[in-house]
Amino acid sequence: MSLLVVQLPPRQRLAGRGAGEEPAAAAALPAEWPFWLADDAGLVLHAGQAAPALLPRAEMILKRRREPAESPEAYSQEFES
């Protein structure tokens, strides 16, 4: 079973506004998102960045909202623990 890990951009929080203020503009999503594709053993087969429509196919998807691992090896160690 393959696992695709995608790092999502942080969510924008809505802030209160005073009377007569215009709402803040929504932040644009990035064109490419960082991803890691791992096999059953947790070994990273492929890592990179791609547009959402071009992400590799996987049997399971994990979405992450925190900073990515510095290297594929660090990512593998994180899943082994």
Atom of Ser2, atom of Ala58 and distance for their closest heavy-atom approach: OG-CA, 3.3 Å

With sequence neighbours left out, what residues match Glu32 under side-chain contact (heavy atoms from CB on, under 4.5 Å)? Gln49

Using the rule that two of Ile, Leu, Val, Met, Phe, Trp, Tyr join whenever any of their side-chain heavy atoms come within less than 4.5 Å, decide whether Val5 and Met60 are in one cluster. yes

Do you know the tightest heavy-atom contact between Ala31 and Pro52? O-CD, 3.8 Å

For residues 38-46, which side-chain donor-acceptor pairs fall under 3.5 Å, sequence neighbours excluded?
unit_1	atom_1	unit_2	atom_2	d
Asp39	OD1	Ala41	N	3.1
Asp39	OD1	Gly42	N	3.2
Asp39	OD1	Leu43	N	2.9
Asp40	OD1	Met1	N	2.1
Asp40	OD2	Met1	N	2.9

Run the side-chain contact (heavy atoms from CB on, under 4.5 Å) test against Pro56 and tell me which residues pass, sequence neighbours left out. Leu4, Phe35, Leu37

